[in-house]
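Because only heavy atoms are used, hydrogens play no part in the values below, and waters and symmetry mates are left out as well, while side chains stay in.
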Amino acid sequence: MKSPKVITFIFWSILSSGIFAQERLDYETIARIKEEGFQNSKVLETLSYISDVYGPRLSGTPDFLEAAEWAKKKLQAIGLENVRFDSYEAGLRGWAIESYSVEMVEPRYMSIIALPSAWTAGTEGEITGVPLLVDYTDLDALKKLSGQLRGKI
C-alpha cells in the first residue's frame with residue numbers, strides 16, 4: 001500500500017490542476033484587436049501632430065493653448081466625455097516668437113544662425129551695435145564688463 005502522504009499529494013495535484021486551468025483563447029477577439037492596431041491605428045498621425053505641428057510649446061503661450069484645444073477636440077472626437085481644462089495659474093506670462101533675424105552688415109553681409117532665448121523681451125524693432133564676444137559662463141569676467149556694454153551686441 002502506498003503511503004498516505006503520496007496519496008494526499010496525488011489527490012491535491014489532480015484537484016489543483018482543475019483550479020488553475022487556463023482560460024480558452026478567444027482568437028476572434030485577438031484578431032479584431034490586431035486589425036484595429038495595424039489597420040486603423042492613428043498613433044503615427046497623432047504623434048506627427050503633437051511633435052511636428054504643435055511642438056515644441058512653452059506654457060502660457062498661444063501655441064500651448066492651440067495645442068491644448070487640438071488635444072481636447074481629438075479626445076472628444078474619439079468619444080471621451082467631460083474633457084475639460086484644469087485651472088491655470090493666473091498671471092502666467094506668455095511668450096512667442098513672431099519674427100527675428102541676426103545679420104552682420106559690415107564689412108560684408110552675413111546671415112547669422114541664432115535663436116532668441118525663451119521669455120526674452122522684444123526689441124521694438126531693429127537694433128544695431130558693435131558685436132562683442134563674451135564668456136557668459138565666467139561670472140568674474142562678466143562683472144568686469146559692468147557699465148561697458150551699452151551699444152554692444
Side-chain angles (χ1 to χ4, degrees), residues 13 15-153:
S13 297
L15 183 63
S16 66
S17 67
I19 293 172
F20 296 111
Q22 289 185 347
E23 183 179 339
R24 292 188 53 198
L25 293 177
D26 183 352
Y27 291 105
E28 183 180 328
T29 301
I30 292 170
R32 288 176 45 214
I33 291 169
K34 285 172 123 178
E35 180 181 355
E36 189 66 31
F38 292 125
Q39 305 301 323
N40 302 324
S41 176
K42 303 287 186 222
V43 170
L44 291 179
E45 178 185 334
T46 302
L47 178 62
S48 173
Y49 266 88
I50 289 172
S51 60
D52 300 334
V53 176
Y54 292 110
R57 56 215 165 263
L58 295 169
S59 295
T61 64
D63 293 339
F64 175 85
L65 296 174
E66 187 180 337
E69 285 290 342
W70 174 85
K72 181 180 178 184
K73 288 177 185 171
K74 284 302 247 185
L75 293 171
Q76 289 170 330
I78 62 173
L80 294 178
E81 297 176 4
N82 195 23
V83 179
R84 63 183 176 3
F85 295 122
D86 287 335
S87 63
Y88 210 50
E89 197 170 318
L92 184 66
R93 302 191 302 180
W95 186 83
I97 298 174
E98 293 176 6
S99 68
Y100 71 93
S101 68
V102 179
E103 301 166 345
M104 181 176 79
V105 293
E106 291 180 11
R108 305 267 187 279
Y109 174 83
M110 179 174 63
S111 178
I112 298 174
I113 298 171
L115 288 171
S117 294
W119 290 293
T120 301
T123 61
E124 304 299 327
E126 182 179 302
I127 60 169
T128 60
V130 177
L132 180 65
L133 184 60
V134 175
D135 180 7
Y136 61 87
T137 62
D138 183 355
L139 187 57
D140 292 329
L142 286 174
K143 287 180 181 178
K144 289 178 186 175
L145 294 172
S146 179
Q148 302 175 36
L149 300 177
R150 184 167 303 281
K152 306 285 195 283
I153 296 176

Exercise. Looking only at heavy atoms, which two atoms of Leu149 and Leu145 are closest? And how far apart?
Worked result: CG-O, 3.7 Å
For this session: Could you tell me whether the side chain of Thr46 and the main chain of Lys42 form a donor-acceptor pair under 3.5 Å?
Result: yes
Problem set entry | Check: Leu139 and Lys143 side chains under 4.5 Å, non-hydrogen atoms | yes
Exercise. What is the distance from atom CD of Glu66 to atom CG of Asp63, rounded to the nearest 0.5 Å?
Worked result: 6.5 Å
Exercise. NZ/Lys72 to CG/Leu80 distance, rounded to the nearest 0.5 angstrom?
Worked result: 12.5 Å
Exercise. Salt bridge or not for Asp26 and Arg24, using N-O below 4.0 Å?
Worked result: no
Exercise. Considering only heavy atoms from C-beta outward, does the side chain of Tyr100 approach that of Leu115 to under 4.5 Å?
Worked result: yes
For this session: Answer yes or no: is there a side-chain heavy-atom contact under 4.5 Å between Lys74 and Tyr49?
Result: no
Exercise. How long is the span from the CD atom in Glu106 to the OG1 atom in Thr128, to the nearest 0.5 Å?
Worked result: 9.5 Å
Exercise. Taking atom CD of Glu126 as the centre, does the number of heavy atoms from other residues, nucleotides or ligands within less than 6.0 Å exceed 12?
Worked result: no
Exercise. Between CH2 of Trp70 and CG of Leu75, what distance do you get to the nearest 0.5 Å?
Worked result: 8.5 Å
Exercise. Within the distance-only criterion (no hydrogens, no angle test), does the side chain of Ser41 pair as donor or acceptor with the backbone N or O of Phe38 below 3.5 angstrom?
Worked result: no
Exercise. Can you tell if the side chain of Tyr109 reaches within under 4.5 Å of the side chain of Glu103, non-hydrogen atoms only?
Worked result: yes
Exercise. If you count the non-hydrogen atoms of other residues, nucleotides and ligands that lie under 6.0 Å from CD in Gln76, is the total more than 12?
Worked result: yes
Exercise. Are more than 12 heavy atoms from other residues, nucleotides or ligands located less than 6.0 Å from atom CG of Leu44?
Worked result: no
Exercise. Hey, does Ile153 have a side-chain heavy atom less than 4.5 Å from the side chain of Val130?
Worked result: no
For this session: Decide yes or no for Asp135 and Asp138: does some side-chain heavy atom of the first lie under 4.5 Å from some side-chain heavy atom of the second?
Result: yes
Problem set entry | Ser51 (side chain) donor-acceptor with Leu47 (main chain) under 3.5 angstrom | yes
